[in-house]
Amino acid sequence: MQPLIDNARTFGQRPEEFAKLAEGQSPQVLFITCSDSRVVPALITGARPGELFELRTAGNIVPPYASEHPTSEAATIEYAVEVLGVRDIVVCGHSHCGAVGALVRGDDLTAVPAVRDWLASATPRPSGKPEDPEVAEGVQSHVLTQLLRLRSYPCVERKLAGGELSLHAWYYEVHTGTVRTHRPQTDGFEVL
């Protein structure tokens, strides 16, 4: 913890770099990814403060849209699309994902009931090989499922129909730093 505290103490000693951020934000991309500490969107993309609007959830899950019981995730998506006017949404899964791995393997999650219920209610079980520690196939199919979920959000559906929004499926390899994107033409994930 101490290195983090030390950095936080010196972080604000460059006010000229941050003064412009007080004027507001205008990110072009909503980046939806896992809460995993090895996945750092700004590091992966090279984004500076104000350039990415982030939504991080266990397993980069986009819950089904429900207007009668809105979720924090739905509110974040709606705000990014309707208020901030993002032009792109990236759903980025990653190798060695504990959440997707648990789903693929059918792990017993009774010791972590909130995690169990989140995974059970928010996503169908992805395909994949239970013995694969990277869970590449499982994560990639899971990311595509989340893109389909996004399409069910009224604000996303409307902006897609108007050509004002694009969706992207990414797969980040934590062990190599490689980022792959889904290519609909080949239905495969290829290096960016």
Side-chain angles (χ1 to χ4, degrees), residues 1 4 29-45 47 52-66 69-81 86 88-153 156 167-184 187-192:
M1 184 70 185
L4 300 176
V29 178
L30 169 60
F31 199 91
I32 301 172
T33 194
C34 187
S35 304
D36 191 299
S37 63
R38 299 168 294 179
V39 181
V40 183
L43 184 63
I44 294 168
T45 63
L52 284 181
F53 198 65
E54 296 180 24
L55 171 58
R56 298 186 67 148
T57 69
N60 54 270
I61 290 171
V62 174
Y65 182 79
H69 299 289
T71 64
S72 168
E73 297 82 14
T76 299
I77 293 164
E78 186 176 77
Y79 186 82
V81 172
V86 298
D88 295 276
I89 300 176
V90 173
V91 176
C92 182
H94 66 93
S95 67
H96 305 86
C97 181
V100 175
L103 287 169
V104 168
R105 292 184 302 272
D107 290 355
D108 178 7
L109 300 173
T110 55
V112 284
V115 173
R116 178 197 61 215
D117 294 350
W118 169 251
L119 295 178
S121 68
T123 185
R125 186 174 177 178
S127 61
K129 299 177 182 95
E131 67 279 0
D132 176 14
E134 292 179 33
V135 289
E137 180 185 339
V139 170
Q140 291 171 6
S141 71
H142 175 73
V143 166
L144 294 175
T145 298
Q146 304 320 299
L147 280 189
L148 287 175
R149 287 249 176 90
L150 272 172
R151 292 176 178 279
S152 73
Y153 282 61
V156 172
L167 302 180
H168 311 273
W170 285 12
Y171 173 72
Y172 171 63
E173 296 177 351
V174 299
H175 56 292
T176 68
T178 300
V179 178
R180 299 178 181 277
T181 188
H182 181 257
R183 304 274 186 218
D187 195 30
F189 281 77
E190 301 171 12
V191 175
L192 275 177

Is there side-chain contact between D187 and H182, with heavy atoms separated by less than 4.5 Å? yes

From R125 CZ over to T145 OG1, what is the distance, rounded to the nearest 0.5 angstrom? 13.5 Å

Is there a side-chain contact between V29 and F53 (heavy atoms, below 4.5 Å)? no

To check you understand the geometry: which heavy-atom pair defines the closest contact between P63 and T71, and what is its length? CG-OG1, 3.8 Å

Which atoms form the tightest heavy-atom contact between V143 and C92, and what is the distance? CG2-C, 4.4 Å

Working for side chain to side chain contact (heavy atoms under 4.5 Å, CB included), residues L150 and Y65: CA-CA 8 Å; L150 272 172; Y65 182 79; over 6 Å; no

Of all heavy-atom pairs linking P126 and G138, the shortest is CB-O, 3.5 Å

Side chains of V100 and L119 in contact at under 4.5 Å (non-hydrogen atoms): no

So CH2 of W170 and CD1 of I44: to nearest 0.5 Å the spacing works out to 8.0 Å

Could you measure the distance from the CG atom of L147 to the OG atom of S152? Nearest 0.5 Å is fine. 11.5 Å

Can you name the nearest heavy-atom pair linking E73 to I61, along with the distance? CG-O, 4.5 Å

What residue pairs, at least two apart or across chains, pass salt bridge (charged side-chain N to carboxylate O under 4.0 Å, His left out) with a residue in residues 97-115? R105-D107

Are I89 and I32 close enough that some pair of their side-chain heavy atoms sits under 4.5 Å apart? yes

Please examine the side chains of L30 and V90, heavy atoms only from C-beta on, and report whether any two atoms are closer than 4.5 Å. no

How long is the span from the SG atom in C97 to the NE2 atom in H142, to the nearest 0.5 Å? 6.5 Å

Going from CZ on F31 to CG on L55, what distance comes out if it is rounded to the nearest 0.5 angstrom? 11.0 Å

Tightest non-hydrogen contact, residues H96 and V174, listed as ND1-CG2, 3.5 Å

Sub-4.5 Å side-chain heavy-atom contact between P64 and R149: yes

How close do P41 and T33 get, counting heavy atoms only, and between which atoms? CG-CG2, 3.8 Å

Sequence neighbours excluded, every pair satisfying side chain to side chain donor-acceptor pair (under 3.5 Å) that has a member inside residues 34-43: D36-R38

Only counting residues at least two apart or in another chain, list the ones meeting salt bridge (charged side-chain N to carboxylate O under 4.0 Å, His left out) with E78. none

Flag side-chain contact, heavy atom, 4.5 Å: V81 against V86: yes

Sorted by chain and number, sequence neighbours left out, salt bridge (charged side-chain N to carboxylate O under 4.0 Å, His left out) with E137 holds for K129

Salt bridge (charged side-chain N to carboxylate O under 4.0 Å, His left out) involving R151 - partner list, sequence neighbours excluded: none

Carefully, step by step, assess F189 and T181 under the rule side chain to side chain contact (heavy atoms under 4.5 Å, CB included). CA-CA 5 Å; F189 281 77; T181 188; 5.8 Å; no

Mind checking what makes side chain to side chain contact (heavy atoms under 4.5 Å, CB included) contact with E173, not counting sequence neighbours? S95, Y171, H175, T176, T178, R180

